[in-house]
Amino acid sequence: MQVDEEIQRALSRKDKLCQWEGFWATPSIIKGVMVFKETFKSNPNDVLLASSMKTGTTWLKAICACIMQGNYEEEEDLLVKDSPHFHVPTIEAINYLTKTPAQDLYTMSSPRLFHTHLPYRVLPNSIKSSDNCKIIYITRNPKDTTISRWHFFNYNRKHLKDFVPLEEDVESFANGVHLYGPFFEHVLEYWEESKKWPQKILFLKYEDLKMDPRKEVAKIALFLGKPFSNEEDLEKVLKKCSLERLKNLEVNKSGSLFSHLHNSSYFRKGVVGDWKNHLTPEMEKQIDKVTSLKLQGSGLEL
Ligand code: PAP
């Protein structure tokens with residue numbers, strides 16, 4: 001089946017997700033991941049960004065692309081030229097790209113910066129066992145993640161006139177059967193690994209980035225071995241990567257980097273607590289229940 005056709009089917013809900021190694025994805029993503037897992041060899045300076053869906057991926061990609069580039073001048077702004085998803089390719093989505101990413105994972109020069117939505121357990125051993133290959137993971141409040149995902153897929157389904165009711169999305173989030181789900185196992189694996197290897201895995205929360213972006217972005221730069229030498233550079237990164245700015249850039253307002261997924265669909269409100277505008281008390285209870293059950297004893301609060 002054509003990849004295009006498959007993602008179209010996934011969007012139109014006619015495609016069943018498959019489970020492999022305990023996580024859910026479309027058949028072609030799983031096929032690609034099997035090859036990636038067997039063949040990928042990490043380099044010592046690789047940087048892997050990781051996230052479940054809709055937890056701050058685009059923002060993190062933009063921030064890390066700027067920091068890794070290291071040139072903060074306006075005329076050198078990569079983000080004006082292309083979407084953060086173009087500059088930092090998502091490994092398992094490469095097949096779905098309508099435009100070849102800036103860097104080819106297998107040939108790009110070191111240090112390589114790339115991203116995955118995959119759970120920790122299916123990452124290639126060479127990534128997991130290398131002390132020098134760093135991972136930055138970002139997660140988000142489960143209720144806001146659910147709302148963001150619901151908006152994202154319905155926005156991209158507009159042309160199909162096939163909207164998914166929120167109850168259905170809440171249900172699939174709570175039972176873990178959604179793209180790259182289950183969410184909580186995804187988060188907890190990276191959380192546990194980050195506690196064991198804090199020098200290798202940096203664990204971030206979207207809400208912390210919103211609340212104190214200066215502190216969090218400085219932390220990211222330090223972790224990447226590229227601390228800011230002055231406040232101005234940090235401010236430039238914050239400004240370049242702000243939601244308002246990225247949302248209004250021509251490259252993000254139009255077109256599709258991924259087939260059938262509009263670039264504009266990655267930029268919405270970016271508000272903490274937006275779930276309050278959407279979830280009924282029953283839905284809220286349903287997500288809270290699974291959250292407390294899954295995170296119990298982990299020391300993690302979301
Ligand atoms: P992905 O995992 O599919 O790549 P991701 O970028 O994680 O998506 O999620 C998009 C969310 O991040 C949107 O949140 P919302 O639906 O609650 O509004 C989007 O608005 C938000 N977002 C995107 N870019 C930024 C940014 N620069 N700053 C803050 N939030 C952002």
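Note that ligands are numbered from 1 as they come in the structure, with each ligand's atoms numbered from 1 the same way. The first residue of the sequence shown is numbered 1, and numbering continues consecutively from there. Predicted, not measured: the structure shown is a model, and the values here were computed from it.
- In the model, S264 has a side-chain atom that pairs as donor or acceptor with a side-chain atom of Y155 under 3.5 Å.
- From S51, atom OG reaches atom NZ of K54 across 9.0 Å, with rounding to the nearest 0.5 Å.
- Closest protein heavy atom to atom 13 (C) of ligand 1: S148 OG, 3.6 Å.
- Taking atom 2 (O) of ligand 1 as the reference point, the nearest protein heavy-atom neighbour is T57 OG1, 2.7 Å.
- Remark: ligand 1 and V271 share no N or O pair separated by less than 3.5 Å (distance only, no angle test).
- Qualifying side-chain hydrogen bond (donor to acceptor under 3.5 Å, both in side chains) partners for D46, counting only residues two or more places apart in sequence or in other chains: R112.
- Scanning all protein heavy atoms for the shortest distance to atom 6 (O) of ligand 1 gives T58 OG1, 2.4 Å.
- Residues L224 and L222 fall into different hydrophobic clusters, defined by Ile, Leu, Val, Met, Phe, Trp and Tyr side chains chained together at heavy-atom separations under 4.5 Å.
- If you number the atoms of ligand 1 from 1 as listed, the ones under 4.0 Å from a heavy atom of Y206 come out as 21 (C), 29 (C), 30 (N), 31 (C).
- When each of R140, K269, R149, K143 is paired with D274, the salt bridge (Lys or Arg N to Asp or Glu O under 4.0 Å) condition holds for K269 and for no other.
- Checking only distances, D144 never comes within under 3.5 Å of ligand 1, N or O to N or O.
- Selection from Y266, Y180, W150 by nearest heavy atom to atom 23 (C) of ligand 1 gives Y266.
- Considering both main-chain and side-chain atoms, S51 never comes within under 3.5 Å of ligand 1 through any nitrogen or oxygen pair.
- Close N/O approach between K210 and ligand 1 is not found [any backbone or side-chain N/O within under 3.5 Å].
- Against a heavy-atom cut-off of under 4.0 Å, L246 is close to the following atoms of ligand 1: 27 (N).
- Note: no N/O pair closer than 3.5 Å links F267 and ligand 1 by distance alone.
- Ligand 1 places these atoms under 4.0 Å from at least one heavy atom of H117: 2 (O).
- At a threshold of 4.5 Å between non-hydrogen side-chain atoms, the residues D288 and E284 count as touching.
- To the nearest 0.5 Å, the span separating CD on E207 from OG1 on T55 amounts to 9.5 Å.
- R140 NH2, 2.9 Å is the protein heavy atom nearest to atom 17 (O) of ligand 1.
- For atom 9 (O) of ligand 1, the closest non-hydrogen atom on the protein side is K54 CA, 3.3 Å.
- Among the atoms of C241, some N or O lies under 3.5 angstrom from an N or O of ligand 1.
- Using 4.0 Å as the threshold, H85 has a heavy atom nearer than that to some atom of ligand 1.
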